[in-house]
Amino acid sequence: MIKAGWLPVALGAAGLGYWAAFGQTSQAFGLFPYQATMTERVLALTFDDGPNEPYTSRLLDVLDERRVPATFFAVGRCAERFPSTVRRIVQSGHVLGNHGYHHQFSRYVTEPRQGREIERGQQALIRIAGVAPNLYRPPWLCHWPWVLGGIRTAGLQVVSGRFGHPLEVVQPPASMMARRATRLARPGRILIFHDGFDARGGRRDQSVAAVGPVIDGLTGRGYRFVTVDRLLGVPAYRQ
Ligand SMILES: [Zn+2]
């Protein structure tokens, strides 16, 4: 049993361990880019856990109306559910990234299971969209050393980012999320939103409603938007 005096130390160590493995900005186990170093007012908007209809299509309408390119980290089995949405993402000039096949936590605890997640997600996206993503964002931003190693072995570029709103999962009002995401804007930053939840869909109307105001507000402050590959200076797709 841990004596009372040690409790804060144990909690602190657990917190530090969690931050090292799951922190958006933690580089403890290797490079985990969440922004590019630049002074120009350029940002990348990214969307995880989709496609998830009708929300992903509504989001594409918002982006396409404003001619803003974004990066979609799609879950393989969601892509199989909504293949035409995946094709629209690519055809509209957005970039498709890999976000694993199942988005199930148990599959990330061990190798080689997590390596298979990368590969199976990749195969699904190649089959559906005809492109082989170069960008990979691990689910929950889990970047244990073997996860980063597996991504490297697969020859993919790992991508982190900053969460637009920490409570997005419970869908706070769009205005609240838009305010917080706008405050997070810095030159070169990658912002994370979710057009789905895990691989289970779910309502995302507040996220969709937040994105237009974020774009309009930041455009008014002189920002423009690019896809993550361009921000980081790496290819979007593998040959
Ligand atoms: Zn995710």
Side-chain angles (χ1 to χ4, degrees), residues 16-37 44-51 70-80 86 89-90 94-163 188-199 226-239:
L16 194 65
Y18 180 86
W19 175 82
F22 294 97
Q24 303 153 59
T25 61
S26 145
Q27 312 289 312
F29 299 129
L31 285 181
F32 194 50
Y34 61 95
Q35 61 182 27
T37 309
L45 300 180
T46 66
F47 299 95
D48 291 5
D49 293 11
T71 307
F72 287 80
F73 288 94
V75 175
R77 62 176 166 154
C78 299
E80 288 173 350
V86 177
I89 288 171
V90 176
H94 305 288
V95 163
L96 191 60
N98 180 347
H99 195 44
Y101 183 80
H102 286 96
H103 208 291
Q104 246 169 26
F105 192 73
S106 60
R107 294 177 193 266
Y108 289 84
V109 182
T110 57
E111 274 290 19
R113 289 189 94 191
Q114 85 85 25
R116 284 204 295 270
E117 277 296 294
I118 298 173
E119 185 53 31
R120 210 168 152 194
Q122 194 77 353
Q123 290 310 324
L125 298 178
I126 292 171
R127 200 170 53 245
I128 293 164
V131 293
N134 182 45
L135 307 175
Y136 183 81
R137 175 174 284 154
W140 313 282
L141 301 184
C142 168
H143 52 292
W144 277 316
W146 60 90
V147 173
L148 288 181
I151 298 166
R152 255 196 318 273
T153 304
L156 303 181
Q157 169 69 52
V158 70
V159 179
S160 180
R162 295 294 303 270
F163 291 119
R189 190 156 276 179
I190 300 167
L191 291 179
I192 305 175
F193 296 91
H194 291 80
D195 54 329
F197 168 58
D198 274 354
V226 296
T227 48
V228 168
D229 52 300
R230 297 190 68 173
L231 193 76
L232 298 180
V234 299
Y237 301 112
R238 308 187 65 194
Q239 296 303 314

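Treat the numbers as computed from the prediction; the structure is a model and nothing was measured.
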- Counting only heavy atoms not in Arg230, do more than 12 sit closer than 6.0 Å to its CZ atom? no

- Thr227 OG1 to Leu232 CG distance, which is reported to the nearest 0.5 Å: 9.5 Å

- How close do Ala154 and Ile118 get, heavy atom to heavy atom, and via which atoms? CB-CG2, 3.9 Å

- Note on the structure: For Phe32 and Leu141, the nearest pair of non-hydrogen atoms, with its separation, is CZ-O, 3.6 Å

- Query: Do the rings of His94 and Phe72 sit parallel, tilted or perpendicular, given the 30° and 60° boundaries?
  - Reply: perpendicular

- Is the shortest heavy-atom distance from the side chain of Gln35 to the side chain of Thr25 under 4.5 Å? no

- Message: Using a 3.5 Å distance criterion without hydrogens, assess whether the side chain of Tyr34 forms a donor-acceptor pair with backbone atoms of Ser26.
- Response: no

- Item | Close side-chain approach of Ile190 to Arg137, heavy-atom, < 4.5 Å | yes

- Query: If you round to the nearest 0.5 Å, how far is CG of Leu191 from OG1 of Thr71?
  - Reply: 11.5 Å

- Query: Has the side chain of His143 got a donor or acceptor atom that lies under 3.5 Å from a matching backbone atom of Ala20?
  - Reply: yes

- Task: Looking only at non-hydrogen atoms, find the nearest pair between Leu231 and Ala36 and report the distance.
- Result: O-CB, 3.5 Å

- Might you point out which heavy atoms bring Leu96 and Val131 nearest each other, and give the distance in Å? CD2-CG2, 4.1 Å

- Query: Under the 3.5 angstrom rule, does the side chain of Asn134 hit a backbone N or O of Arg238 as a donor-acceptor pair?
  - Reply: no

- Are Phe22 and Trp140 close enough that their ring centers fall under 6.0 Å? no

- Measure the spacing between CD of Gln114 and CH2 of Trp146 and express it to the nearest 0.5 Å. 9.0 Å

- Is there a donor-acceptor contact under 3.5 Å linking the side chains of Glu117 and Tyr136? no

- Which value, rounded to the nearest 0.5 Å, describes the distance between Leu156 atom CG and Glu119 atom CD? 8.5 Å

- 4.5 Å side-chain heavy-atom contact, Ile89 and Phe47: no

- Query: Does the side chain of Pro33 reach to within under 4.5 Å of the side chain of Gln157, using non-hydrogen atoms?
  - Reply: yes

- Say you draw a straight line from NE2 of His99 to CG of Asp198; how long is it, rounded to the nearest 0.5 Å? 8.0 Å

- Item | Spacing of CD belonging to Gln104 relative to CZ belonging to Arg113, to within rounding of 0.5 Å | 8.0 Å

- Of all the heavy-atom pairs spanning Ala129 and Val86, show the shortest one and how long it is. CB-CG1, 3.9 Å

- Item | Minimum heavy-atom distance between Tyr101 and Gly121, given as atom pair plus value | CB-N, 3.7 Å

